[in-house]
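Below: one structure, written as structure tokens.
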There are 2 protein chains.
Amino acid sequence: MQDMTGKNSANGGLRERKKRATRAALAEAAVRLAAEHGADNVTVEAISAAAGVSVRTFFNYFDSRDDAFVVIDADASVRVRQALLEAPADLTPLDALREALAAELTEAERQHELWSLHAEVLRNSPHLLVRSLGAHMADEAGLAETIARRISGTAADRADVPPDEGGPGERGRALDLYPRLLAAVAGAAVRVSVQHWCDRQDELAFADVFREVFALLAAGLPAPER
Amino acid sequence: MQDMTGKNSANGGLRERKKRATRAALAEAAVRLAAEHGADNVTVEAISAAAGVSVRTFFNYFDSRDDAFVVIDADASVRVRQALLEAPADLTPLDALREALAAELTEAERQHELWSLHAEVLRNSPHLLVRSLGAHMADEAGLAETIARRISGTAADRADVPPDEGGPGERGRALDLYPRLLAAVAGAAVRVSVQHWCDRQDELAFADVFREVFALLAAGLPAPER
DNA sequence: ATGAAAAAATGCAGGCTCTGCAAAATTGGC
DNA sequence: GCCAATTTTGCAGAGCCTGCATTTTTTCAT
């Protein structure tokens, strides 16, 4: 190793890694317990115990108990935005976004078991489903800004995606209509694709559903034939 | 009066009216208090006191404190769906939905003051914004079914919209991809329109923004010119 | 390595949220 | 006015969540 300081070179030091691990452990414990006993019957105490930390520490990682059931992969949106900026310049915004999302979704299928459990938990408690839907859309602002950057397309803008500074605090950017609309519609597309695919899991491949949805969008949502 | 029973003919008796009034009073009190003191600093006790009922009664009307800030007009979605079924048969699904939503939105501007307060509350607490976004999308399932009915378009289907039976309990219908996608995209369109209009309230008329958004959708979200 | 500084985990006190249950008040129909 | 149905209310208790002080762990310079 060429790192004499003891600080890890890979991803930011042992501190960061431990935090990620703790957070992941809490989220996974929450989902597994909820899948087994029902989300309402899972206390913060139980989640914390399963993850091996104190109750107080749980609240250092999540703002509320429900967040542990809802927030799956906090880094997913960052990866999508990065992929969007790095996509070939000759793709239309809609196509570039489709490819970026497709890559992320096939990536997500690697942890298929946890996703299934997660879906089951949300199915069984509408309360959490609503929160989850809302959480997904909270990313939209950031995605819209990235779309705007891709469209404007200057070289300087190709720099790294800034770490998510959270919340609607920063205004003044991404006020354009088109990027926002595209971000919102893409979110809707993902959601509908997953939903439709879940209902007919045996019949269809997810990739096909996903492509059909984006084809409908690109065609301007024409009335279906009968 | 030609009603000798004492039971009110208009909308279902005094009991119903009182419940509506109580619910509205609670919701309005919640929004006004939140606008003044910040949503986090408003207790259920304060809301209940302002509405003149007990704390326990508050929880007979809302499942959680936050719901009082989030649920605005529970009947709006029913009106939209009714309008959608009654729209001229020669409109495309996208156009019919646009008109139905436009009617509802101009209707909503009548209570403009409360809506402004409501928007301010959500702006100041992202936590509630997330919940609100999620709540709006919970209607999507119902809207998708109505769209499916309009498309299939038999005479029998033109009957009244059944009272919202709540939740994902009834499956088996509206499994088609297109209605779901249209419902989801329309929801996104409304959201983006409102958002964009709020940012540039002085410059633009809402109706214009709304039309532009649907024009973009109908055109297949082409890359904007530069 | 060692000690000081920074960051994170923990325990605890206390207020608020939410639910189940039973009693009291209100409404509708006779 | 009186009975039945519905709604409101108080109360107890469990659980959620926060602020603060303390302890433990990690980082960094010496």
Side-chain angles (χ1 to χ4, degrees), chain A residues 1 3-26 29-30 33-34 37-71 125-128 130-131, chain B residues 1 3-26 29-30 33-34 37-71 125-128 130-131:
Chain A
M1 315 273 186
D3 190 342
M4 299 194 291
T5 68
K7 176 203 228 166
N8 281 292
S9 50
N11 51 11
L14 175 133
R15 210 163 212 155
E16 294 266 336
R17 245 180 303 154
K18 260 194 134 177
K19 280 181 72 173
R20 284 176 196 274
T22 302
R23 187 184 184 87
L26 283 169
L33 287 172
H37 304 112
D40 294 335
N41 302 320
V42 177
T43 66
V44 173
E45 191 177 355
I47 299 171
S48 307
V53 297
S54 72
V55 172
R56 190 62 185 79
T57 296
F58 174 95
F59 286 107
N60 287 341
Y61 283 89
F62 297 96
D63 284 342
S64 75
R65 186 192 65 143
D66 289 351
D67 279 357
F69 301 125
V70 164
V71 178
S125 38
H127 168 246
L128 292 178
V130 168
R131 283 189 75 118
Chain B
M1 320 263 189
D3 190 342
M4 301 192 290
T5 68
K7 177 202 224 167
N8 281 292
S9 49
N11 50 12
L14 176 133
R15 216 160 208 159
E16 292 265 337
R17 245 179 302 155
K18 259 194 137 180
K19 281 181 73 172
R20 283 175 196 273
T22 302
R23 189 185 181 85
L26 283 169
L33 287 172
H37 303 112
D40 294 335
N41 302 321
V42 177
T43 66
V44 173
E45 190 177 357
I47 298 171
S48 308
V53 298
S54 72
V55 172
R56 190 63 184 80
T57 296
F58 174 95
F59 286 107
N60 286 341
Y61 284 90
F62 297 95
D63 285 340
S64 74
R65 185 194 66 143
D66 290 351
D67 279 357
F69 302 125
V70 165
V71 179
S125 37
H127 169 247
L128 292 178
V130 169
R131 283 189 76 118

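Since we're looking at a predicted model, the values are computed, not measured. Labels below follow one simple rule: chain letters A, B, ... track the order of the sequence lines, proteins then strands, and each chain is numbered from 1.
- Dashed line: the shortest gap from a side-chain N or O of A:K19 to OP1 or OP2 of C:dA8 is under 4.0 Å.
- In this structure, A:R56 atom CZ and C:dA8 atom C1' are separated by 11 Å, rounded to whole Å.
- Distance from the side chain of B:N60 is smallest for D:dT8 among the nucleotides D:dT25, D:dT8, C:dT10.
- Applying the 4.0 Å criterion to OP1 and OP2 of D:dT26, one finds that A:K18 has a side-chain N or O inside that range.
- Under 4.0 angstrom from either OP1 or OP2 of D:dT7 there lies no side-chain N or O belonging to B:Y61.
- Considering only side-chain N and O atoms, A:T43 lies nowhere under 4.0 angstrom from the phosphate OP1 or OP2 of D:dG15.
- Phosphate proximity of C:dT10 to A:S54: present, with a side-chain N or O under 4.0 Å from OP1 or OP2.
- Residue contacts shown for B:V55 are absent, as no nucleic acid heavy atom lies under 4.0 Å away.
- Put simply, CD on B:E45 is 14 Å from P on D:dT9, counting in whole angstrom units.
- Rounded to whole angstrom, the span from the CG atom of A:D63 across to the P atom of D:dT18 amounts to 7 Å.
- The shortest side-chain heavy-atom distance between B:R131 and B:D67 falls under the 4.5 Å cut-off.
- One can place NE2 of B:H127 at 12 Å from C1' of D:dC16, the figure rounded to the nearest angstrom.
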